[in-house]
Amino acid sequence: MNAVIQLEDIHKVYHTGEVDVHAVRGVSAAIQTGEFVAIMGASGSGKSTLMNIIGCLDRATRGRYLLDGTDVSQLDRDDLADIRNEKIGFVFQGFNLLSRTSALENVELPMLYVHRHLPGREQRERALRALETVGLAERADHHPNQLSGGQQQRVAIARALVNQPALLLADEPTGNLDSQTSIEIMGVFQTLNQQGITIVMVTHELDIARYAKRNVIMRDGRIVSDVPVSDRLQAETELRRLRDAQQAVQLTV
Amino acid sequence: MMRIWATIKIAGRALRRNKLRTLLTMLGMIIGVGAVIAMVGIGNGAKAQIESQIASMGQNVIIVFSGSMTRSGIHTGWGGAGTLTIEDSEAIVREIPGVTVISPEIMSTAQVAAGNQNWFTRILGEGPDYFDIRQWPVVTGSPFTPQDVRGANKVAVVGQTIADQLYPGEDPLGQIVRVKNVPFIIVGVLKAKGLSVQGQDQDDLIIIPYTSAMKRVQRVTTLRTILVQAARPTLLNPVQQQIIELLRQRHKITPGKDDDFTVRNQQEIADMATAQSKTMTLLLGAIAGVSLVVGGIGIMNIMLVSVTERTREIGIRMAIGARGRDILLQFLIEAVTLSVIGGVVGIGAGVGVSQLLAAKMSWPTLISSTSVVYAFFFSAAVGIFFGFYPARKASRLDPIDALRYE
């Protein structure tokens, strides 16, 4: 099998003052290519810490982590930066786009830090293609403050995709969005997943997690449940249902 | 390399975003570099003029001053006490080999009059060789002769200013100028020299035979100075030594007692003058340098603010794969861009100011290309030095904390 993520007995201990906080206590899991996993848990369950470790923003105190076949447990800051650039695309709750910078330039940003630099024209083409994938090609020269929340998150997804990563990592991607836009973003994720992109998403919303294929639930730094989603939601149908409901109460004509 | 070029573009964009702030920060550098350039220009200009003035004193000149720097512990200063006589000067020519020409000298100031014009000026009593020693030619008429000196004749050579002031629109040759009511006939006019470093008009003087000055104008029996010219540069030191021995003997100064005269050769005077102007240049430069440091601190301050403001941006960049080095470079380039653009504009401002000073206040200024090159690289160094700490601070941020920063 071709595992994108292979976690083996991952521990994370924070030394804050006199007390050691054991945030992650022995997590083992494997995520295969083409999966769409939602990690859930209450705050303090260790899901954010695990997310940071999976995203190579932080290192585990103990345990082994193979990302796309590479052991990243012992890499230093610079190597982790390179891994993030090549293999991971991030989508954040707060979008985290550079303000006063056009959507296109935001999407081009990860290519700036690629080791084998691409010529400027190819960078533009790739960025435009990524924006097309999320349906925002015609807004390429808009600045973030000229875009709605959902559009900003689409730009962020395009930015995450532009270096063709092995893994798309989303941290509460719908946390700042209303319910309809949330479903739209889930629609984008489902489409990308159908095209073969592996997605790991952290969320605390149960109904959002139901758009994924597999749900992992954490509590007290351990995985307490890891099950395939039986009653999976499809964004397309949910959107249609929402529109019908809105029409019923005459919110839209 | 592509990466560095892209980073420069990012820095440029970040600087354009806060135009007023960028401009004010640069202003610190502009003033600093401009001040250094202008001050060093003024110092160098003064130095160059002193040097040319010393050169115009003539070749291989030794000056004997009456009085001593330290006589019995009291500083009377050069020319302070009348201890040199005409006989002393005659003895120097007679007894010291290697002395070619000599000019005894006395000096005073007096009100002079011609017709209904009058003027206050310097009166120099000199020997006929003075014009040769000083390499100061008489352009109209001729200098006075040894006969004029022997006879203490009432003849005078005047500077260009005197000619202009006393005889406007007239030929001064053959005219009468009254010095302390003694009438002198003008026999020559000196070549115009212009202003000295101190701003003194060098052409504002009347030169008469020293004998005439002593007997007819000042009524004194002693000389102020004796100008001595040695035949060759190598003879300067031996001649100087021999003059000291001769004069000590003539003045009956016993061993252990201080001289009642001072002997300086041209090199010593030049060294003193250049040392003085060097000190001045250094002082001016140091004062201006302080403003350059203040400009650098301004850059550091604004870069620290910028790093804090853009913590989130740094977090985003790190999350999508920027190494610490990329962040360091980005902020360092921003700081260096500030300081170098400020430096270049400052060089322009400094050159402009010094030319303005030269034109409006007739201060001599000299901008050397080395000082421009130094200023350029120094401003780049200021950017690197003061930009490094904020840039390093940015590069060491933890991406997780930086992303969470509000």
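Atoms considered below: every heavy atom in the structure, side chains included; atoms not considered: hydrogens, waters and symmetry mates. A note on names: the letters A, B, ... follow the listed sequences, proteins ahead of strands, and every chain is numbered from 1.
For residues 384-406 of chain B, no residue pair satisfies the ring pair (Phe, Tyr, Trp, His ring centres under 6.0 Å) rule, not counting sequence neighbours. The side chain to side chain donor-acceptor pair (under 3.5 Å) contacts involving residues 164-176 of chain A comprise Gln93(A)-Asn176(A), Glu172(A)-His204(A), Thr174(A)-Glu205(A), where partners must be two or more places apart or lie in separate chains.
Counting all heavy atoms, side chain and backbone alike, Tyr113(A) lies closest to Gly321(B) at CB-O, 3.6 Å. The nearest pair of heavy atoms linking Phe92(A) to Ala319(B) is CZ-CB, 3.9 Å.
Between atom CZ of residue Arg17(B) and atom OG of residue Ser99(A) there is a gap of 6.0 Å, rounded to the nearest 0.5 Å. Note: Ile320(B) CD1 to Asn96(A) CG = 10.5 Å, rounded to the nearest 0.5 Å. Of the inter-residue distances, the one linking His115(A) atom NE2 with Arg323(B) atom CZ reads 4.0 Å to the nearest 0.5 angstrom. Residue Ile316(B) holds its CD1 atom at 12.0 Å from CZ of Phe95(A), rounded to the nearest 0.5 Å.
Residue Arg310(B): no heavy atom, backbone or side chain, is found under 4.5 Å from chain A. For Arg404(B), the part lying under 4.5 angstrom from a heavy atom of chain A is the side chain only.
Annotation: Gln146(A), atom CD; neighbour count of heavy atoms from other residues, nucleotides and ligands within 6.0 Å is above 12. For CZ of Arg219(A), the number of neighbouring non-hydrogen atoms (other residues, nucleotides, ligands) closer than 6.0 Å is 12 at most. Around atom OH of Tyr14(A), more than 12 heavy atoms belonging to other residues, nucleotides or ligands sit under 6.0 Å away. Dense packing is recorded around CZ of Arg312(B), with more than 12 heavy atoms of other residues, nucleotides or ligands lying under 6.0 Å away.
Within residues 47-58 of chain A, the residues having any heavy atom less than 4.5 Å from a heavy atom of chain B are, in residue-number order, Asn52(A), Leu57(A), Asp58(A). Listed in order of number, the residues of residues 62-89 of chain A that approach chain B to under 4.5 Å between heavy atoms are Arg77(A), Asp78(A), Asp79(A), Ala81(A), Asp82(A), Arg84(A), Asn85(A).
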- Verdict with reasoning, Leu112(A) to Asp326(B), per side-chain contact (heavy atoms from CB on, under 4.5 Å): CA-CA 10 Å; Leu112(A) 177 69; Asp326(B) 295 319; over 6 Å; no
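Between Lys9(B) and Glu105(A) there is no salt bridge, since none of the side-chain N atoms of the basic residue sits less than 4.0 Å from a carboxylate O of the acidic one.
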